[in-house]
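Notes for the one structure printed next.
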Amino acid sequence: MSSLQAMMDWLNDPLNWTNPDGILVRLREHLVISVLAVLFGALVAWPVGVWLGRRGSASGLIVVISNVTLAVPVTAMLTILPLTFIGFGKPAVVVALAIFAIPPLLANAYTGVHEIDPEVRESARGMGLSEWQALTRVELPLAVPYLATGLRIAVVQVIATAALASFVNGGGLGQIIAAGFGALPPEKGYGQVLAGAVLITALALLIDALMALAQRKLTPANLRNAARK
Amino acid sequence: MSSLAYGATGNPWFSWSYVHDNLSTIRAALVDHIVITVWSVAIAAAIAVPLAVLAYWVRSLATPILTSAGVLYTIPSLALLAFLAPFLGTGRITVVVALVMYALLIIVRNTLTGLMQVPGDVREAATAMGYSRLARLTRVELPLALPGILVGLRLATVSTVALVTVGAIVGSHGALGGLILSGFRNNFYKAQIATAALLCVALALILDLILLGVSRALTPWTRRRAS
């Protein structure tokens with residue numbers, strides 16, 4: 001009970017929100033890191049996924065990529081990348097998170113384009129659309145439900161994983177938990193630890209709900225049942 | 001700072017002398033990692049498979065079970081550990097409980113998918129042969145759902161091996177993650193970080209291959225059908 005009380009006390013202290021390393025600053029860092037990571041992930045994964053999907057069968061390769069990234073600990077990536085040429089700071093964290101955002105983005109872009117009926121593609125070409133026009137006006141719109149699913153999974157996953165940036169002092173809401181665990185004796189920091197956990201969980205669940213809503217709005221009504229996951 | 005102190009060759013990514021000098025520490029961390037992983041996945045399976053059967057028998061419970069497991073899965077790993085630590089302490093139990101919660105969804109979902117894929121006529125034939133509901137489950141439906149269950153176990157094992165490392169931030173129980181974190185904190189000791197990271201990936205792949213072998217041995221019919 002006393003830990004919960006300590007959590008309420010910590011959250012009720014306005015300074016914990018507005019300090020230079022307070023909740024608002026950490027929240028902003030968390031969102032900036034996450035948005036950049038998903039952006040970079042999508043910049044790499046979507047073109048490759050669409051290209052692979054148009055070329056034909058590459059599902060084996062995609063399964064291998066997602067299995068390998070599942071086996072690599074995020075914590076290892078977060079500690080190794082700052083020691084390479086990327087250097088310390090935000091870029092290393094963003095790249096580490098982007099790497100883990102790639103598999104869902106890639107797999108869904110691939111499936112979305114791969115699943116398009118070849119006859120649709122043929123009739124687009126038959127109607128006189130160039131290769132580029134067929135891609136941008138027919139194939140990509142048809143792949144939107146899948147692209148949106150991949151984006152949603154990637155965003156939710158990156159928001160959750162960004163908390164681990166605190167492993168390397170990389171900013172974000174995870175810092176609140178890390179700072180709480182650093183207290184001596186440990187019991188003294190439990191209020192802050194719980195407060196950090198509540199904030200991160202609330203953010204993750206909120207973003208998940210928002211992305212579900214956005215996915216519904218983004219997907220044309222007649223395609224709504226096409227993508228499932 | 002550190003680059004000045006060590007120079008380009010002073011802090012290599014891999015060093016046999018590091019492995020040699022710290023063999024007992026590395027071995028202890030590896031054993032710890034295996035123990036935490038096996039306990040977590042075993043406990044998760046012991047909870048998840050009955051839950052999936054419950055969802056299969058009582059269809060109206062399927063959605064609440066999958067949704068609550070899904071919410072647990074959405075809680076970020078660090079936050080989950082932070083929720084548990086004040087109540088369970090900073091020992092191994094906290095890490096295992098958190099990992100069980102994560103593995104739960106993966107195993108429930110795959111087991112349920114496996115059970116749902118049992119063909120309706122197979123189920124009817126079993127009933128017509130006089131099997132009770134429990135006998136039908138243990139002798140017909142679960143064996144047929146085994147490939148799905150094992151896929152769930154494999155996915156859960158691989159992701160658990162990676163997630164154990166997060167436990168390092170709670171206290172001393174991140175096993176190989178503890179080596180990664182302390183390597184980073186002690187002047188960015190690359191050899192220690194890289195060795196522990198490599199062992200993590202290797203452990204995940206080896207456990208995955210073992211489970212793949214078990215799954216091949218237990219379900220010979222899937223291989224025949226595939227070829």
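Source: prediction; values computed, not measured.
- Other residues, nucleotides and ligands contribute at most 12 non-hydrogen atoms within 6.0 Å of the OH atom of B:Tyr73.
- Residue A:Val68 does not touch chain B at all, counting heavy-atom pairs closer than 4.5 Å.
- The CG atom of A:Leu70 sits 10.5 Å away from the OG1 atom of B:Thr157 when rounded to the nearest 0.5 Å.
- Taking B:Gly183, B:Pro86, B:Ala79, B:Ala82 one by one and counting their heavy-atom pairs under 4.5 Å with chain A, the maximum is reached by B:Pro86.
- Evaluated for a side-chain contact (heavy atoms from CB on, under 4.5 Å) with A:Thr75, the options B:Thr165, B:Leu181, B:Ile193 yield exactly one hit, B:Thr165.
- No part of B:Leu163 comes within reach of chain A, as not one of its non-hydrogen atoms sits under 4.5 angstrom from that chain.
- To the nearest 0.5 angstrom, B:Leu80 atom CG is 11.5 Å from A:Ile200 atom CD1.
- Contact annotation for B:Ser77: only side-chain heavy atoms (C-beta onward) come within less than 4.5 Å of a heavy atom of chain A.
- Looking at B:Val161, neither its backbone nor its side chain comes within 4.5 Å of chain A, counting heavy atoms on both sides.
- Annotation for A:Tyr190 and B:Ala85: closest pair OH-O, 3.7 Å, computed over non-hydrogen atoms.
- The stretch residues 194-201 of chain B places B:Ala197, B:Cys200, B:Val201 near chain A, each with some heavy atom under 4.5 Å from a heavy atom of that chain.
- Proximity to chain B (any heavy atom under 4.5 Å) is shown, for A:Val193, by both the backbone and the side chain.
- Under the side-chain contact (heavy atoms from CB on, under 4.5 Å) criterion, A:Pro103 pairs with A:Ser66, A:Thr69, not counting sequence neighbours.
- Contact annotation for B:Phe184: only side-chain heavy atoms (C-beta onward) come within less than 4.5 Å of a heavy atom of chain A.
- With a 4.5 Å cut-off on non-hydrogen atoms, B:Ala162 touches chain A through its backbone and its side chain both.
- Taking A:Leu164, A:Val156, A:Leu205, A:Thr161 one by one and counting their heavy-atom pairs under 4.5 Å with chain B, the maximum is reached by A:Leu164.
- Under the 4.5 Å side-chain criterion, counting only non-hydrogen atoms from C-beta, B:Trp13 is in contact with A:Leu83.
- Environment of CD1 in B:Ile93: sparse, with no more than 12 heavy atoms of neighbouring residues, nucleotides or ligands closer than 6.0 Å.
- Neither the backbone nor the side chain of A:Val74 comes within less than 4.5 Å of any heavy atom of chain B.
- A distance of 5.5 Å separates OG1 of A:Thr79 from CD1 of B:Ile180, quoted to the nearest 0.5 Å.
- Counting only heavy atoms from C-beta outward, the side chains of B:Phe87 and A:Leu4 approach each other to under 4.5 Å.
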